[in-house]
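Worksheet for the structure shown next.
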Amino acid sequence: GAGVSQSPSNKVTEKGKDVELRCDPISGHTALYWYRQSLGQGLEFLIYFQGNSAPDKSGLPSDRFSAERTGGSVSTLTIQRTQQEDSAVYLCASSFLQRNTEAFFGQGTRLTVV
Amino acid sequence: SQQGEEDPQALSIQEGENATMNCSYKTSINNLQWYRQNSGRGLVHLILIRSNEREKHSGRLRVTLDTSKKSSSLLITASRAADTASYFCATAPNAGNMLTFGGGTRLMVKP
């Protein structure tokens, strides 16, 4: 596609349920990022996939959070047993795996845990 | 923890005035980038400045970088109401390509 696509755009879930958020990066981009943004706040790094190397998971806030990237393309962020504090906008970005490149962002998934 | 910190956190100006936002960071960088975000959704890349550059221009945008002070500034000249948005700096370290974002500056341009 022409840009980074995220789905769903909005998700409302009950506390304790599991959710899956999807990111389709720009074709050919080997780097993929997940960030989380609470209302009016900055971007909190979650996880970074860098080509065939092991992903940097240092930003995942708890073991309820996991992410995978299949075939070097589509990525899924899974949150198990959701809590109200998980409510935020989850942003995905992709880029070429080079030193001086810009990241292209999707429009995000707004997650609300009730 | 955030690598970059923007200052001020919020800025309100009149249309036609210039807006200056600052970013400070902590570790060495390969490049620094500025992004814009409307309505809390996806970010759009504005400009990238490499560590060996001191100043860069793009239209009404002017970015400076002072690696000795670990700081950068974004100047928007002749601001317009449509420039109202949040602006974030992001740094890419020497060791890799992961982008780390600051807390952002919320700019409001009043018509």
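Every chain is numbered from 1 and lettered A, B, ... according to where its sequence line falls, protein lines coming before strand lines.
Side-chain atoms of A:Leu43 and B:Leu99, non-hydrogen and from C-beta on, never get closer than 4.5 Å to each other.
Counted within 6.0 Å of CG on A:Asn52, heavy atoms from surrounding residues, nucleotides or ligands total 12 or fewer; the atom is thus considered open. The environment of CD in A:Glu14 is sparse: at most 12 heavy-atom neighbours from other residues, nucleotides or ligands sit within 6.0 Å. At most 12 non-hydrogen atoms from other residues, nucleotides or ligands lie less than 6.0 angstrom from CD of B:Gln9. Under a cut-off of 6.0 angstrom, the local environment of CZ in B:Arg60 is crowded, with over 12 non-hydrogen atoms contributed by other residues, nucleotides or ligands.
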- Give the intermediate values and the outcome of ring-ring contact (aromatic ring centres under 6.0 Å, His included) for residues A:Phe105 and B:Phe101. CA-CA 13 Å; A:Phe105 280 80; B:Phe101 286 81; 5.7 Å; yes
- Item | CA sep, side-chain torsions, deciding dist, call: A:Glu102, B:Asn31, side-chain contact (heavy atoms from CB on, under 4.5 Å) | CA-CA 10 Å; A:Glu102 64 181 278; B:Asn31 67 75; over 6 Å; no
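For A:Phe104 and B:Tyr35, the distance between ring centers is not under 6.0 angstrom.
For A:Ser9, the parts lying under 4.5 angstrom from a heavy atom of chain B are both the backbone and the side chain. Only the side chain of A:Tyr35 has a heavy atom closer than 4.5 Å to any heavy atom of chain B.
Note that CD of A:Gln107 is 9.5 Å distant from OG of B:Ser39, once rounded to the nearest 0.5 Å.
Applying the salt bridge (Lys or Arg N to Asp or Glu O under 4.0 Å) criterion to A:Arg22, with sequence neighbours excluded, gives A:Asp24. Under the salt bridge (Lys or Arg N to Asp or Glu O under 4.0 Å) criterion, B:Arg106 pairs with no residue, sequence neighbours left out.
Looking at every heavy atom in both residues, A:Asn10 comes nearest to B:Arg41 through OD1-NH2, 3.3 Å.
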